[in-house]
Amino acid sequence: MYRVLLVDDEKIARIGLRTTFDWERHGFTLVGEASNGQNAMKWIQNQEIDILITDIAMPVMDGLELTRKTKELCPWVKVLLLSCHNDFEYVREGIRLGASDYILKPTLNSDSLITVLNQMKKKLQEESENRQIVQQFEDQQLVNKQKMLEKTFCKALCGDPAAIERIKTECPEVSYRIAALGINVFGKTDAERNDLLTELGEVLKQALYQAFGSFVSVMLRPDLLLAALPVHHPNPHVTFYELIEQFSQHTESNLLDVSIGLSIVYENYLDLQNASMEAKKMLAVGFFHGPCRLLAAEEQMDSISASPYPFAAALHELKESLTMGFHSRSEQMINEIMKHWLPQYRSKEEVLQEAEELLSLFAVFKDADSSIIRKIRELGRLGYVTEVIQHVKDGYQTIVGGEDSSRPDKTLHQRIVMEAADYIKSHYRESISLQEVADAVNVSRNYFSEMFKRVTGENFIDHLIALRVKKAKELLQGSSLKVYEVAEQSGFNDVKYFSKQFKKIVGVSPAEFQGLLRK
């Protein structure tokens with residue numbers, strides 16, 4: 001509906017216009033009427049009209065002055081002047097002031113009025129569409145500019161000199177910090193989580209801009225936002241804590257965690273890469289402190305040092321204790337290892353690696369139990385060191401909790417190796433590796449290698465070569481294939497290497513072996 005205001009000092013004229021024309025049926029609504037221009041100004045000032053129908057000759061403020069003020073305050077409004085025969089000079093002045101059309105009062109009827117109003121409506125529609133096109137273009141220009149700035153920022157974070165220079169052009173160099181914001185969402189499906197992360201990422205960008213005047217921010221991952229913040233806030237920590245508090249309450253039941261890693265202040269954009277790494281490193285330290293934390297580099301610098309604790313030796317000692325069934329000593333060793341899961345000794349990645357090796361060791365000592373294998377796969381989903389510690393302790397209880405678990409299952413090694421041997425037989429023609437086979441039987445690479453040699457008496461690679469040579473002998477005996485074809489079908493990619501290994505095991509070359517068979 002297009003909004004229409006009637007202004008005429010003759011009440012009968014206003015009543016006639018209001019009652020004799022079906023406004024709503026033609027797509028218009030009367031928002032009000034006034035007896036002079038002064039009384040009509042409240043609708044104009046509130047921008048509540050699209051079309052103004054006004055008499056020219058009125059007391060207090062005439063139609064020409066009303067037209068002038070209307071076009072100043074609301075340029076889009078279409079003005080229809082009503083005049084008498086002797087008002088023609090005034091009509092010309094009204095047109096000059098911006099009126100769209102005029103109708104002589106003696107000839108005014110429903111047909112003439114609807115003709116003019118429809119023309120105005122069409123013009124309003126066209127102008128509205130044009131404004132939308134222009135606005136969409138301007139919005140898209142802003143979006144494209146921001147995307148280009150984000151792309152340039154990503155390159156600058158990797159040390160690209162040209163990108164750094166472009167950043168300087170777009171954002172005059174000032175003191176700045178880099179903030180790394182990590183977003184964790186819990187209790188959602190993967191699809192729901194991704195949608196929520198996308199939404200929260202945009203909200204965080206806006207919040208950072210409003211709080212700090214962030215000149216650029218970019219989502220490096222759905223759960224990681226990196227922002228460059230100009231340093232002008234007297235106490236940025238307070239604002240960051242307010243931001244964390246705001247987003248920690250975004251969802252019910254503590255299903256959202258926003259933590260922030262903050263670099264020290266830098267003066268030069270040449271340091272963007274270092275500042276970014278520093279902020280992300282601080283965010284990773286949050287793994288040791290729990291959810292919804294602010295970790296500033298200047299407060300954490302002195303806490304990181306090299307680890308003096310020999311994990312490999314401790315793991316070997318733990319393995320011996322488990323083998324002998326010394327559970328008290330084993331538990332003591334596990335606790336000793338986990339005591340060093342602190343930021344001054346370990347990174348997040350090192351903690352997860354050590355936890356995986358502990359669980360892999362437990363898996364070897366538990367008969368036909370897939371729960372520990374599941375725990376190994378779930379490690380990457382854990383957000384904090386306290387969760388990892390409990391996860392490993394639960395895994396340990398799995399192998400010591402039952403009455404019959406005081407000693408490791410002596411047949412477990414044989415069973416795992418048999419499963420591995422079956423896998424090798426099925427894939428010997430492919431370029432399989434020790435790691436691939438270890439993954440197939442759900443144990444770590446090192447433990448599988450040791451276990452395989454203990455059970456079979458040979459290394460994995462020696463076993464694989466022997467199996468391939470055995471298959472090659474069968475092919476040489478039962479077919480007329482050429483030597484290079486036999487090599488290829490038995491899993492050897494290099495015919496020279498095949499011949500060397502064949503002769504080493506069989507005592508003659510493949511060609512000689514084939515020749516002996518044909519005699």
Side-chain angles (χ1 to χ4, degrees), residues 157-158 178-186 197 219-226 257-263 273-297 299-316 318 333-363 372-396 433-436 438-439 442-448:
L157 292 176
C158 296
I178 294 293
L181 291 86
I183 317 168
N184 286 321
V185 176
F186 311 102
L197 284 174
M219 298 298 299
L220 294 186
R221 299 194 309 265
D223 60 348
L224 176 61
L225 172 68
L226 214 64
D257 159 31
V258 176
S259 292
I260 302 173
L262 194 61
S263 76
Q273 189 174 22
N274 291 335
S276 168
M277 294 172 62
E278 190 173 79
K280 288 188 286 186
K281 188 174 184 179
M282 290 304 101
L283 181 62
V285 173
F287 172 75
F288 298 94
H289 294 276
C292 298
R293 297 300 181 98
L294 170 64
L295 298 125
E299 298 172 0
Q300 300 286 330
M301 285 292 194
D302 298 332
S303 66
I304 300 175
S305 63
S307 169
Y309 188 71
F311 173 74
L315 191 68
H316 182 74
L318 173 61
M333 291 301 304
I334 293 169
N335 288 333
E336 184 67 23
I337 289 171
M338 293 192 297
K339 274 172 55 179
H340 291 81
W341 288 355
L342 297 170
Q344 59 264 41
Y345 300 128
R346 295 287 189 264
S347 67
K348 174 183 177 180
E349 291 71 22
E350 288 171 334
V351 169
L352 293 176
Q353 177 60 36
E354 291 183 5
E356 180 179 347
E357 294 200 39
L358 286 172
L359 290 171
S360 295
L361 179 59
F362 299 163
I372 296 182
I373 305 303
R374 284 199 303 272
K375 286 186 176 298
I376 294 174
R377 292 171 178 164
E378 292 168 356
L379 272 174
R381 302 177 186 174
L382 304 180
Y384 305 102
V385 70
T386 52
E387 297 175 342
V388 177
I389 289 173
Q390 188 59 53
H391 202 67
V392 172
K393 286 183 176 180
D394 291 344
Y396 177 68
S433 64
L434 177 66
Q435 183 66 62
E436 179 183 340
D439 290 342
N442 294 307
V443 295
S444 71
R445 181 179 182 276
N446 291 339
Y447 291 119
F448 172 70

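Because the structure is predicted, anything quoted here is derived from the model rather than measured.
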Sequence neighbours excluded, which residues qualify as side-chain contact (heavy atoms from CB on, under 4.5 Å) partners of Ser433?
Gln435, Glu436
Can a donor-acceptor pair be found between the side chains of Gln353 and Glu357 at a distance below 3.5 Å?
yes
Tell me if a side-chain donor or acceptor on Ser263 pairs with a main-chain N or O of Ile178 at a distance below 3.5 Å.
yes
Considering only heavy atoms from C-beta outward, does the side chain of Leu262 approach that of Met282 to under 4.5 Å?
no
By side-chain contact (heavy atoms from CB on, under 4.5 Å) - contacts of Phe288 (at least two apart)
Pro343, Val351, Val385
By side-chain contact (heavy atoms from CB on, under 4.5 Å), which residues pair with Lys280, not counting sequence neighbours?
Ala180, Leu220, Leu224, Leu226, Ser276
Looking at every non-hydrogen atom in both residues, tell me the closest pair between Leu283 and Leu181 and how far apart they are.
CD2-C, 4.1 Å
Kindly write out the residues that satisfy side-chain contact (heavy atoms from CB on, under 4.5 Å) with Glu336, not counting sequence neighbours, or none if the list is empty.
Tyr309, Lys339, His340
Glu387 side chain to Gly383 backbone, donor-acceptor under 3.5 Å:
yes
Mind checking what makes salt bridge (charged side-chain N to carboxylate O under 4.0 Å, His left out) contact with Arg445, not counting sequence neighbours?
none
Taking Leu352 as the fixed residue, which of Glu349, Glu356, Lys348 is the one that meets the side chain to side chain contact (heavy atoms under 4.5 Å, CB included) rule?
Lys348
Which heavy atom of Ser259 sits nearest a heavy atom of Gly290, and at what distance?
OG-O, 4.3 Å
Can you tell if the side chain of Leu359 reaches within under 4.5 Å of the side chain of Lys375, non-hydrogen atoms only?
yes
Mind checking salt bridge (charged side-chain N to carboxylate O under 4.0 Å, His left out) for Glu354 and listing every partner two or more places apart, or none if nothing turns up?
Arg346
